[in-house]
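Scroll down for the structure; my scribbles are underneath it.
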Number of protein chains: 2
Amino acid sequence: MQPKSHLDNYFKSAFTVDNVIFGFDEGELKVLLIRRSEEPYDNYWALPGYFVRQNEDLDEAAQRVLWETTGLQNVYLEQLRTFGAPARHAFGRVITVAYYSLVKIADFTPRADGLSREVAWHNLQEVGELAFDHARILETAIAHLQQSIRNRPVGFELLPPEFTLTELQHLYEAIWGTELEKRNFRKKILSMQLIIPLDRMQQGVSHRPARLYRFDEARYRALTQQGFNFEVRG
Amino acid sequence: MQPKSHLDNYFKSAFTVDNVIFGFDEGELKVLLIRRSEEPYDNYWALPGYFVRQNEDLDEAAQRVLWETTGLQNVYLEQLRTFGAPARHAFGRVITVAYYSLVKIADFTPRADGLSREVAWHNLQEVGELAFDHARILETAIAHLQQSIRNRPVGFELLPPEFTLTELQHLYEAIWGTELEKRNFRKKILSMQLIIPLDRMQQGVSHRPARLYRFDEARYRALTQQGFNFEVRG
DNA sequence: ACAAAAGTGTTTAATGTACACCCATGG
DNA sequence: CCATGGGTGTACATTAAACACTTTTGT
């Protein structure tokens with residue numbers, strides 16, 4: 001590093017990452033929030049996030065901070081957008097890079113950690129006031145998710161490796177807040193030939209067990225490069 | 001401001017904005033680059049960008065910096081993505097918020113300003129080595145543009161207020177690098193009822209003058225809120 | 001045998017695709 | 001009167017949308 005004096009004034013900012021973790025469980029779309037244990041906004045519900053360290057890449061930081069605030073690990077995170085209004089943080093200039101993700105709640109047991117008093121899944125409708133500009137970040141994330149699931153198979157990256165068609169359908173329904181027609185949904189999804197039927201079946205349900213499928217990632221990459229457009233409509 | 005000592009270490013970063021300005025002229029898609037007049041990467045071609053001031057919002061900064069480096073003003077800019085690899089800047093930790101835009105080249109006369117030696121439009125194919133990670137930022141912007149023009153009427157926000165259908169079609173063709181069928185393109189665009197035919201015609205062309213249209217922004221907002229999906233295919 | 005969700009096919013409507021000619025203007 | 005791009009309609013193929021019943025399993 002060889003700082004130049006006329007630039008010194010610029011090296012006085014901090015930046016954070018904030019994670020919007022959508023959880024999908026029993027057909028419900030939820031968001032993971034922490035209750036803060038630090039000023040400012042001590043005790044408020046907030047998105048799990050914290051400062052990025054000097055030698056850390058943004059994606060890494062998002063992973064680490066999520067781990068430190070909620071105990072969640074190895075979550076697929078995607079950068080959403082950066083929020084940087086000058087007065088958004090009381091302690092100085094802090095811009096935040098927002099990430100978002102969608103995980104299957106059953107796979108994760110979040111717990112409060114050093115940087116939070118409490119961690120909980122909240123129904124999207126029941127989110128009250130949030131710290132900082134987190135309400136706006138959350139809105140942006142919801143809008144982005146609804147858009148992006150339309151044209152890219154986001155769902156597959158976020159569902160468990162093996163899933164049933166009904167689970168996949170419920171995911172779309174939860175995100176869009178609409179109902180889809182079972183036969184048409186299946187026809188459309190299967191016609192893309194992007195998911196592979198497995199020999200395994202659902203276990204331990206008290207009705208006819210559904211077939212499990214997995215996403216054909218190799219084929220998806222190949223098709224995408226040829227200009228293929230994955231598209232599911234609401 | 002009431003800085004807390006245990007957080008002081010975090011307030012040592014700087015952030016910049018970098019603008020990917022796509023220009024559209026005579027059916028060609030180009031990108032606006034500056035030749036830097038400062039270390040690091042003195043003399044290299046780069047995206048127009050600079051440090052964000054302490055009391056400036058990000059969107060504002062993008063506008064200002066574009067003005068200072070190229071003389072361009074009132075350009076529609078949209079946030080693209082933030083790049084923050086720890087070693088991407090030699091003088092310290094600098095993350096950059098990338099913006100992108102598409103302007104009609106004829107409307108703007110960029111000129112070198114205080115922060116650049118030279119400003120020029122480059123064909124996308126003829127961009128050589130760039131400063132910092134700007135090549136990667138440019139790639140990301142291209143991919144994003146190709147995607148986003150599919151589902152949102154980005155073109156309208158970026159074309160001049162009055163345009164012909166052929167201009168609109170050329171825009172799509174330039175971005176996707178494909179040819180579109182004239183009749184079908186028109187049918188599709190007109191069937192959305194999102195553009196309004198004007199009484200005015202093109203002037204000073206040595207062939208039948210084309211009708212001018214303008215985008216119906218109010219109707220677009222109304223439809224979008226009802227879940228309407230603008231879609232044009234390549 | 002019943003409850004509960006899985007799974008499947010066909011008809012109709014809407015949309016996309018391919019294609020060729022006349023029109024208005026300037027030079 | 002010629003060159004140039006503007007503008008249009010129709011037939012055919014593909015895709016979306018609507019809709020009801022049979023199958024498999026656990027209890």
Side-chain angles (χ1 to χ4, degrees), chain A residues 25-28 149-151 159 162-174 176 178-214 223 226-234, chain B residues 24-28 106 149-151 159 162-174 176 178-214 223 226-234:
Chain A
D25 197 34
E26 293 162 14
E28 293 269 325
I149 203 170
R150 220 178 258 279
N151 306 302
L159 281 175
E162 303 187 350
F163 52 85
T164 70
L165 291 178
T166 301
E167 284 169 347
L168 184 60
Q169 182 180 338
H170 287 339
L171 174 64
Y172 279 88
E173 291 175 335
W176 285 335
T178 56
E179 305 233 314
L180 301 173
E181 216 278 324
K182 184 168 62 163
R183 280 168 289 193
N184 293 339
F185 179 81
R186 286 165 181 245
K187 231 176 304 175
K188 178 71 198 246
I189 292 289
L190 290 172
S191 75
M192 294 178 187
Q193 304 208 92
L194 281 170
I195 67 176
I196 300 172
L198 303 174
D199 290 332
R200 301 194 42 223
M201 295 285 177
Q202 214 177 19
Q203 300 281 326
V205 287
S206 72
H207 54 76
R208 175 172 175 181
R211 179 173 297 279
L212 292 169
Y213 291 80
R214 69 175 181 80
L223 286 173
Q226 292 165 32
F228 171 84
N229 188 25
F230 177 92
E231 184 186 327
V232 183
R233 300 189 183 199
Chain B
F24 178 62
D25 197 35
E26 293 162 15
E28 292 271 324
I149 202 169
R150 222 177 257 278
N151 306 302
L159 281 175
E162 305 186 350
F163 50 85
T164 69
L165 291 179
T166 301
E167 284 169 346
L168 184 60
Q169 181 179 339
H170 287 340
L171 174 64
Y172 278 88
E173 290 175 338
W176 285 334
T178 58
E179 304 233 317
L180 301 173
E181 216 277 324
K182 183 167 62 161
R183 280 165 291 192
N184 294 338
F185 179 81
R186 286 165 181 245
K187 232 177 303 177
K188 178 71 199 242
I189 292 289
L190 291 172
S191 75
M192 295 178 186
Q193 304 208 89
L194 280 170
I195 67 175
I196 300 171
L198 303 173
D199 290 334
R200 300 193 44 223
M201 295 286 178
Q202 216 178 19
Q203 299 280 327
V205 287
S206 72
H207 54 77
R208 176 172 174 180
R211 179 172 297 280
L212 293 170
Y213 291 80
R214 70 176 181 78
L223 286 173
Q226 293 165 32
F228 170 84
N229 188 25
F230 178 93
E231 186 187 325
V232 182
R233 300 186 186 202

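Just so it is clear, the model here is predicted, and its values are computed rather than measured.
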Got Met201(A) and Leu212(A) here, is their nearest side-chain heavy-atom distance under 4.5 Å? no

Distance check needed: dA24(C) P versus Arg208(B) CZ, whole Å only. 5 Å

Given dA6(C), dA16(D), dT25(C), the nucleotide with the shortest approach to the side chain of Pro209(B): dT25(C)

Please determine, by modelled atom types, if His170(B) and Glu173(B) share a side-chain donor-acceptor pair under 3.5 angstrom. yes

Expressed as a whole number of angstroms, how long is the span from Tyr213(B):OH to dG6(D):C1'? 10 Å

Should Phe163(B) and Leu171(B) count as side-chain neighbours, where that means a heavy-atom distance under 4.5 Å? no

What are the atom names and distances for every N/O pair under 3.5 Å that joins the protein to nucleotides 8-12 of chain C?
unit_1, atom_1, unit_2, atom_2, d
dG9(C), O6, Lys187(A), NZ, 3.3
dT10(C), O4, Lys187(A), NZ, 2.8

Let me know the distance between CG of Leu212(A) and C1' of dT24(D), rounded to the nearest Å. 15 Å

How long is the line joining CZ of Phe163(B) and P of dG5(D), in whole Å? 21 Å

Counting C-beta onward and ignoring hydrogens, is there a side-chain heavy-atom pair between Ile196(A) and Tyr213(A) closer than 4.5 Å? no

Without decimals, in angstroms, what is the distance between His207(B) NE2 and dG7(D) C1'? 12 Å

Nearest whole angstrom, please: distance from the P of dG26(C) to the CD of Gln202(B). 11 Å

For a quick test of reading the model: is some side-chain N or O of Thr166(B) closer than 4.0 Å to OP1 or OP2 of dG6(D)? yes

No-hydrogen, no-angle side-chain donor-acceptor test under 3.5 Å, Arg186(B) and Ser191(B): no

Flag, side chain of Gln202(A) to backbone of Arg211(A), donor-acceptor distance under 3.5 Å: no

Rounding to a whole Å, what distance do you find between Ile189(B):CD1 and dT15(C):C1'? 15 Å

Gln169(A) atom CD is separated from dG7(C) atom C1', nearest whole Å, by 12 Å

